[in-house]
Amino acid sequence: IKFTYQELFESGGYFSKKKSSKDTATFEKVCVLFNLGALHSQLGQVANLSTDDGLKTAAIGFQTSASIFNHLAGMCESQFKGPPSADLQPAVLRALAHIMLAQAQETFWLKCVVGKKSDGILAKLAAQALDYYEQAYKSFMQAPDLDKTWNQMLVVKRSFFAAE
């Protein structure tokens, strides 16, 4: 049985029309996991950040997504001789994982801002968010098939959390 997957990314943009097909159940498993990671990132994205429960939901969604993308990067390296599709390149998956971690950390920072935590705690959380956004930026620069407009947002986020 051939499993066909429509790729999300194409060089320089989104929503590729390119399809990848493989005749292994591992490919199908990887594609399902990729979609599950994307789903959890969306759950984080649409969470209501004005409530405590919404902030928790967002953080959990982003963390879960990061875990899935990290797992997939290792899985694609060990299970395939080369990346099975542009979406499933380990560099792309690691970049996505780092972006999700950065967003999760930003959510924790926001929760503390809303909760009026001390400046010391906010500074520590902001420093960690900055570190994650820097990792995301470095990973992103190694991922050839991600839209380069993401780069601009990562630069803005890094600058925001680097501000004193």
Side-chain angles (χ1 to χ4, degrees), residues 6-18 30 33-77 83 85-164:
Q6 184 165 342
E7 296 184 24
L8 177 60
F9 305 116
E10 66 180 341
S11 188
Y14 304 110
F15 308 117
S16 170
K17 300 211 183 318
K18 184 178 177 190
V30 165
L33 285 172
F34 181 91
N35 286 329
L36 190 60
L39 173 66
H40 280 280
S41 75
Q42 286 299 305
L43 291 173
Q45 175 65 33
V46 301
N48 182 356
L49 300 181
S50 64
T51 68
D52 204 39
D53 284 343
L55 288 164
K56 288 178 189 174
T57 299
I60 290 168
F62 292 137
Q63 288 175 320
T64 303
S65 180
S67 295
I68 291 170
F69 289 137
N70 265 332
H71 176 73
L72 283 175
M75 194 174 175
C76 286
E77 285 176 331
S85 72
D87 296 356
L88 301 174
Q89 296 176 61
V92 169
L93 294 167
R94 284 194 182 90
L96 293 173
H98 283 126
I99 290 169
M100 294 301 113
L101 277 177
Q103 289 181 288
Q105 185 66 24
E106 183 176 350
T107 303
F108 288 127
W109 173 83
L110 182 59
K111 183 175 177 3
C112 288
V113 168
V114 171
K116 299 186 187 318
K117 300 295 182 189
S118 73
D119 289 343
I121 290 173
L122 291 174
K124 288 177 184 177
L125 290 171
Q128 186 61 58
L130 172 62
D131 184 52
Y132 285 146
Y133 276 115
E134 285 177 346
Q135 289 175 27
Y137 178 80
K138 289 175 187 171
S139 296
F140 180 81
M141 296 310 289
Q142 296 173 358
D145 289 316
L146 291 177
D147 186 341
K148 297 305 177 197
T149 58
W150 288 18
N151 180 29
Q152 296 165 356
M153 181 53 70
L154 292 173
V155 168
V156 168
K157 293 287 190 170
R158 284 174 42 210
S159 297
F160 177 81
F161 283 104
E164 294 183 18

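Worth knowing before you read on, the calculation uses all heavy atoms, side chains too, and leaves out hydrogens, waters and symmetry mates. Quick caveat, the model's predicted, so the values are computed rather than measured.
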Quick check: do [X] and [Y] have side-chain heavy atoms less than 4.5 Å from each other?
X: Ile99; Y: Leu154; answer: yes
X: Phe34; Y: Leu93; answer: yes
X: Leu39; Y: Asn35; answer: no

_Are Trp109 and Phe160, when compared by the centres of their aromatic rings, separated by less than 6.0 Å?_
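Yes, they do, as the ring centres are separated by less than 6.0 Å.
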
*Please work out which of the three classes, parallel, tilted or perpendicular, describes the rings of Phe161 and Tyr133, given edges at 30° and 60°.*
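Correct class here is parallel.
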
How long is the straight-line distance from [atom2] of [Y] back to [atom1] of [X], given to the nearest 0.5 Å?
X: Cys112; Y: Ile121; atom1: SG; atom2: CD1; value: 6.5 Å
X: Leu43; Y: Thr57; atom1: CG; atom2: OG1; value: 8.5 Å
X: Leu101; Y: Gln128; atom1: CG; atom2: CD; value: 9.0 Å
X: Leu125; Y: Leu130; atom1: CG; atom2: CG; value: 12.5 Å
X: Gln89; Y: Arg94; atom1: CD; atom2: CZ; value: 11.5 Å
X: Leu33; Y: Leu72; atom1: CG; atom2: CG; value: 5.0 Å

*salt bridge (Lys or Arg N to Asp or Glu O under 4.0 Å): which pairs involve residues 103-131, sequence neighbours left out?*
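Only Asp52-Lys111, Glu106-Lys157 qualify under salt bridge (Lys or Arg N to Asp or Glu O under 4.0 Å).
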
*asked:* Testing the basics here: between Ala59 and Ala104, what is the closest heavy-atom pair and its distance to 0.1 Å?
replied: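 Reported closest heavy-atom pair: O-CB, 4.0 Å.
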
*Nearest atoms (heavy-atom pairs only) where Gly54 meets Ala47*: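 In terms of heavy atoms, the two residues are closest at O-CB, 3.3 Å.
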
*Positive for side-chain contact (heavy atoms from CB on, under 4.5 Å) with Tyr132, one of Gln105, Gln103, His98*: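 One option only clears the test, and that one is Gln105.
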
*Test Tyr137 against every option in Met141, Glu134, Gln135 by the side-chain contact (heavy atoms from CB on, under 4.5 Å) rule and name the one that passes.*
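By the side-chain contact (heavy atoms from CB on, under 4.5 Å) criterion, Tyr137 pairs with just one of Met141, Glu134, Gln135: Met141.
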
*Would you find a donor on one side and an acceptor on the other, under 3.5 Å apart, between the side chain of Ser65 and the backbone of Phe62?*
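Not at all, since once roles are kept as given, no pair shorter than 3.5 Å links the two residues.
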
*For Gln45, enumerate each residue passing the side chain to side chain donor-acceptor pair (under 3.5 Å) test, keeping only those at least two apart in sequence or located in another chain.*
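Expected list: none.
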
_Other residues, nucleotides and ligands only: do more than 12 of their heavy atoms fall within 6.0 Å of CE on Met153?_
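Result for CE/Met153: open.
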
